[in-house]
Amino acid sequence: MNETFLKACRGEKTDYTPVWIMRQAGRYLPEYQKVRSQVDFITLCKTPEIAAEVTLQPVDILGVDAAILFSDILIPVEPMGMKLEFSESKGPVLQDPIRSAAAVSRLRDLRAGDDVPFIADTVKMLVARLKVPLIGFSGAPFTLATYMIEGGSSKNFINTKRMMYGAPELFALLMDKITVTVIKYLQAQKDAGVHALQIFDSWAGVLSPVDFDRFALPSMQKIISVFKGKIPLIYFAFNGSAMLRRVVNAGADVIGLDWRIDMKDAVAALENNVAIQGNLDPCILFGGVDLIRDRVGQILNGAIGAKGHIFNLGHGILPETPVDNAIAMVDAVHELSSRAKTN
Ligand code: CP3
């Protein structure tokens with residue numbers, strides 16, 4: 001197996017900078033759309049043969065250095081007792097949002113073997129076939145709590161913050177329940193054979209730094225302490241650049257960055273304590289190949305001196321992205337980083 005990605009996670013020297021793309025299996029790929037035209041998204045996530053097939057697509061098409069399990073951060077929320085749907089217009093919808101003590105007390109813990117057997121089955125199928133590492137993942141408790149309290153995506157997160165500020169003990173209880181499920185969900189992926197774990201905290205950036213410390217960080221520390229030293233852990237707190245030191249306090253081996261911070265500044269702020277993943281603006285892939293190569297080069301240069309660097313976009317690849325430009329990005333990372341390292 002090509003271990004370049006895992007070496008970078010561990011902060012070891014690599015021959016070139018490894019690259020993968022958040023949401024690399026998805027609607028920008030015609031091959032994915034063909035599979036999706038036959039089956040709805042949730043069924044796709046729950047059917048190992050086709051979930052494995054779409055996981056492999058970007059590895060073959062783009063030549064990335066890691067695969068990420070095809071699933072969704074909301075899959076473990078359903079077995080906790082909420083009905084999940086994906087609507088074309090609204091994105092994820094969770095019925096009967098959690099807004100009361102009674103609703104929190106009704107939630108139950110995930111039983112991974114019974115509730116999400118397809119996760120282990122898909123992982124086992126993939127590790128037998130892949131020549132690059134497989135990343136397992138989960139949503140972070142705070143991000144999952146926002147979906148459960150709001151009932152879907154949100155603009156101002158008023159219901160979440162109302163519970164945080166108005167009923168902090170209830171919010172803490174909800175976070176504890178989610179944390180138990182996240183640990184079980186990640187453990188099931190690790191037991192089935194994934195090589196690394198990423199935790200997506202897509203909405204951490206709606207919190208002030210003080211509230212991040214109080215409401216989001218403790219559960220992240222709890223999760224990471226369970227897996228630390230046993231498997232590489234990546235923590236991606238989207239929009240977290242203004243509180244990087246706090247994000248590092250969660251204890252992950254790798255910090256995912258969005259594009260709102262200069263790579264050089266991030267490397268300086270992190271003082272070589274952790275490896276870095278990121279951070280090209282996904283919209284650069286709508287520019288030309290010259291622009292892509294130029295910006296890739298800039299990020300690679302900025303990351304010189306980092307404890308380890310895994311190239312990625314600063315958020316998920318967008319459905320409208322031209323596939324050829326994603327390929328051009330991967331090629332540029334490989335070419336420019338191996339040239340820099342042999343010079
Ligand atoms: O990265 C990968 O390729 C692995 C698969 C993956 C998906 N979602 C597939 C998906 C991963 C890691 C996720 C994570 C995820 N899901 C996050 C965290 C990352 C982020 O973007 O901040 C979040 C917030 C979700 C919740 C979610 N899932 C939303 C808001 C939506 C609808 C909007 C959208 O982007 O489509 C989804 C649906 C979803 N998840 C799709 C895919 C491929 C599109 C489903 C389709 O085919 O219609």
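Just follow the structure's listing: the first ligand is 1, and inside any ligand the first atom is 1. Computed from a predicted structure; not experimentally measured.
Ion pairing of Asp262 with Lys264 is absent here, as no side-chain N (NZ or NE/NH1/NH2) approaches a carboxylate O to less than 4.0 Å. Under 4.0 Å is where a charged nitrogen must lie from a carboxylate oxygen, and between Glu3 and Arg10 at least one such pair does. Glu88 has no carboxylate O lying under 4.0 Å from a charged side-chain N of Arg27, or vice versa, which leaves the two without a salt bridge. The pair Glu85-Lys90 does not count as a salt bridge, with every side-chain nitrogen at least 4.0 angstrom from each carboxylate oxygen. The residues Lys228 and Asp253 are annotated as salt-bridged, a charged nitrogen and a carboxylate oxygen being separated by less than 4.0 angstrom. Salt bridge annotation for Lys131-Asp60: absent, with no cationic side-chain nitrogen under 4.0 angstrom from a carboxylate oxygen.
For the ligand labelled ligand 1, residue His315 lies inside the 4.0 Å heavy-atom shell. Residue contacts with ligand 1 do not include Gly316, since none of its heavy atoms lies under 4.0 Å from the ligand. Heavy atoms of Ile21 come nearer than 4.0 angstrom to ligand 1 in no pair at all. Contact between Phe70 and ligand 1 is present, with at least one heavy atom of the residue lying under 4.0 Å from the ligand.
Looking at Glu88 next to ligand 1, no N or O pair under 3.5 Å apart turns up. An N or O contact shorter than 3.5 Å is missing between Phe137 and ligand 1 by distance. Residue Trp20 places no N or O, backbone or side chain, under 3.5 Å from any N or O of ligand 1.
Residue-level proximity to ligand 1 for Thr143 is absent, since no heavy atom of it falls below 4.0 angstrom. When non-hydrogen atoms are compared, ligand 1 lies under 4.0 Å from the side chain of Tyr32 (C-beta onward) but not from its backbone.
Summary of contacts: the protein heavy atom closest to atom 28 (N) of ligand 1 is Asp72 OD1, 2.6 Å. Here the heavy atom of the protein found nearest to atom 48 (O) of ligand 1 is Arg36 NH2, 2.9 Å. In terms of protein heavy atoms, atom 35 (O) of ligand 1 is closest to Arg23 NH1, 2.8 Å. Closest protein heavy atom to atom 39 (C) of ligand 1: Phe41 CZ, 3.5 Å. The nearest protein atom to atom 36 (O) of ligand 1, hydrogens excluded, is given as Arg27 NH2, 2.5 Å; this is a heavy-atom distance. Here the heavy atom of the protein found nearest to atom 23 (C) of ligand 1 is Ile73 CD1, 3.4 Å.
The option with the heavy atom closest to atom 19 (C) of ligand 1, from among Tyr147, Phe86, Phe200, is Phe200. With Ala140, Ser71, Ser202, Ser153 as candidates, the residue nearest to atom 5 (C) of ligand 1 on a non-hydrogen basis is Ser71.
Ring pair Tyr16/His334 is perpendicular by interplanar angle, where above 60° counts as perpendicular and below 30° as parallel. Below 30°, between 30° and 60°, or above 60°: for Phe86 and Phe41 the angle between ring planes is above 60°, a perpendicular geometry.
Counting only heavy atoms from C-beta outward, the side chains of Asp201 and Phe236 never approach each other to under 4.5 Å. Between Ile310 and Thr17 there is no side-chain heavy-atom pair separated by less than 4.5 Å. Annotation: side chain of Val330 is not in contact with side chain of Asp65 (no heavy-atom distance under 4.5 Å).
Close approach of ligand 1 to Ala25 (heavy-atom distance below 4.0 Å) involves ligand atoms 3 (O), 43 (C). The distance from ligand 1 to the heavy atoms of Leu69 drops below 4.0 Å at these ligand atoms: 4 (C), 5 (C). Residue contact check: Pro92 has heavy atoms under 4.0 Å from atoms 29 (C), 30 (C), 31 (C), 32 (C) of ligand 1.
The distance between the ring centers of Tyr32 and Phe70 falls below 6.0 angstrom.
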